[in-house]
Amino acid sequence: MTLSISKIRASLSDGLLSFPISDFDDKGMFNPETYRQRIEWFIEHDVSAVFVAGGTGEFFSLGLEEYKQIVNIAVETVAGRVPVIASAGRSVSEAKVFVKAAEEAGCDGVLLMPPFLTECPEDGIVEYASQIMQSSPIQFIYYNRGNGILGAENVKALAARNPNMIALKDGVGNIAALNDTVKTVGDRLVYIGGVPTAEIFAEAYLSIGVNTYSSAVFNFMPEMANRFYKALRAGDKETVTSIIQNFFIPFCRLRDEKKGYAVSLIKAGAELIGRSAGDVRAPLTMPTAAQTARLQDLIKSNT
């Protein structure tokens, strides 16, 4: 960790967050050189923190050696300018290995994803997350999503058991439940919006005190993403409404045409602006030519 805990919390509390896609070449192998360029490009476009190898970065499809390259490149390239947050998940034993790799690379924190596939009781999730969090002094953000959703009291219990848990990322979009958690747990944690295409929830998030969210479209429209966030925080409803109507609503409709497009469309968008990161890995699939053309029209009409 290169930054203080107070600096990490401040960066997560105020400013636009984003998750760079992971670069693959035409054979589907990780491409370190273009990834290094991508991280630098992100920093140049004023992100508050960089979340690497996350959902948009296809963590679920990365091998450990690729992951190690990603976290090391990110830390070296960012060089302490903003926090670098890596991801971990899968089984407890696997998660500990990924956490160790992130810690050794010098990452400032870890986004802990829920375990995959199996259904989980909430007390089991608290135990799962605690075993991983207690394996390292690194700072943790718990990702409340999928089969790892915790209610307010269990978020509170998880935070109480683990002093190095500093934030909760919401991947559900249930504003009533999140408001319960925010009011129950209070400022012990930082709260981050994290549903796919989080901008569509941004106004609702802000209304309950969730000031930041992760922007996937930052990968191909960073200027618009920043303009939207600044307008949101400034109370510029006209600009917020315009961008939602003209970009995010049609984008979300396109995204919802096929499972996995919350990631696939981001890679397609990056290619359209000349910053290709290759195709997504199976089980995800790339958009059709017709869908990519619609995305291109959206980009052109909003830049």
Side-chain angles (χ1 to χ4, degrees), residues 15-26 31 33-48 50-51 54-58 193-206 212-281 284-303:
L16 189 60
L17 316 174
S18 193
F19 288 58
I21 49 182
S22 294
D23 287 60
F24 305 138
D25 62 23
D26 56 5
N31 188 332
E33 289 310 311
T34 57
Y35 188 72
R36 192 183 305 275
Q37 294 166 16
R38 189 173 311 282
I39 296 297
E40 183 60 41
W41 184 70
F42 261 59
I43 298 300
E44 291 171 357
H45 283 84
D46 197 28
V47 289
S48 182
V50 177
F51 285 69
T56 306
E58 298 179 77
V195 295
T197 321
E199 284 91 347
I200 206 74
F201 278 84
E203 293 164 293
Y205 277 141
L206 189 61
T212 58
Y213 55 84
S214 56
S215 175
V217 301
F218 189 96
N219 278 276
F220 60 92
M221 298 188 74
E223 291 87 359
M224 186 204 70
N226 272 317
R227 187 167 73 253
F228 179 84
Y229 181 73
K230 290 174 182 177
L232 176 76
R233 296 302 304 274
D236 181 355
K237 293 184 178 181
E238 182 178 352
T239 298
V240 168
T241 298
S242 174
I243 295 174
I244 289 176
Q245 288 176 335
N246 295 323
F247 180 82
F248 285 110
I249 288 176
F251 179 83
C252 287
R253 290 175 179 170
L254 180 57
R255 179 203 68 192
D256 291 344
E257 290 180 8
K258 196 170 189 178
K259 291 180 179 179
Y261 271 14
V263 178
S264 305
L265 284 174
I266 305 305
K267 280 210 155 176
E271 183 172 5
L272 287 169
I273 67 161
R275 291 187 173 272
S276 177
D279 290 350
V280 291
R281 287 177 172 171
L284 301 184
T285 60
M286 291 299 288
T288 66
Q291 289 168 329
T292 301
R294 287 162 58 195
L295 178 60
Q296 185 171 31
D297 289 342
L298 263 180
I299 293 171
K300 286 181 177 179
S301 61
N302 287 276
T303 52

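All values below come from the heavy atoms of this structure, side chains included, with hydrogens, waters and symmetry mates left out. For the single chain, residues carry numbers from 1 onward in sequence order.
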Only counting residues at least two apart or in another chain, list the ones meeting side chain to side chain donor-acceptor pair (under 3.5 Å) with E203. none
Set of residues satisfying salt bridge (Lys or Arg N to Asp or Glu O under 4.0 Å) with respect to R227, sequence neighbours excluded: none
Residue list, ring-ring contact (aromatic ring centres under 6.0 Å, His included) with F42, at least two apart or on another chain: F218
Going by the rule salt bridge (Lys or Arg N to Asp or Glu O under 4.0 Å), which residues pair with R233 if we only count those two or more places apart in sequence or in a different chain? D14
Under the ring-ring contact (aromatic ring centres under 6.0 Å, His included) test, residues paired with F220 that sit two or more places apart: none
Considering only distance and modelled atom types, tabulate donor-acceptor pairs under 3.5 Å from the side chains of residues 260-273, sequence neighbours left out.
| unit_1 | atom_1 | unit_2 | atom_2 | d |
| --- | --- | --- | --- | --- |
| Y261 | OH | Q291 | OE1 | 2.6 |
| S264 | OG | G260 | O | 3.2 |
| S264 | OG | T285 | O | 2.7 |
| K267 | NZ | S22 | O | 2.8 |
| K267 | NZ | E58 | OE2 | 2.9 |
| K267 | NZ | A277 | O | 3.3 |
| K267 | NZ | D279 | O | 3.3 |

Does any part of the side chain of T56, heavy atoms only, come nearer than 4.5 Å to the side chain of I21, both counted from C-beta? yes
Can you tell me how far apart CD1 (I249) and OG1 (T241) are? Round to the nearest 0.5 Å. 9.0 Å
Return the minimal non-hydrogen interatomic distance between T212 and G15, and the atom names on each side. CG2-O, 3.0 Å
If the condition is salt bridge (Lys or Arg N to Asp or Glu O under 4.0 Å), which residues does R38 pass it with, not counting sequence neighbours? D23
Listed by chain and number, what are the side chain to side chain donor-acceptor pair (under 3.5 Å) partners of S215, not counting sequence neighbours? E199
Does any part of the side chain of F248, heavy atoms only, come nearer than 4.5 Å to the side chain of F228, both counted from C-beta? yes
Non-neighbouring partners of Y213 that pass ring-ring contact (aromatic ring centres under 6.0 Å, His included), sequence neighbours left out: Y229
What pairs with F201 under side chain to side chain contact (heavy atoms under 4.5 Å, CB included), at least two apart in sequence or on another chain? I175, V195, Y205
Results of salt bridge (Lys or Arg N to Asp or Glu O under 4.0 Å) for E40 - residues two or more places apart only: R81
Does anything in residues 294-303 form a side-chain hydrogen bond (donor to acceptor under 3.5 Å, both in side chains)? List the pairs, not counting sequence neighbours. E257-R294
Determine whether S48 and L16 make a side-chain contact, defined as any pair of heavy atoms from C-beta on separated by less than 4.5 Å. no
Would you say that more than 12 heavy atoms from the other residues, nucleotides or ligands in this model lie under 6.0 Å from the CD of E238, or not? no
Beyond-backbone contact of P20 with W41, side-chain heavy atoms, under 4.5 angstrom: no
Sub-4.5 Å side-chain heavy-atom contact between N31 and E33: yes
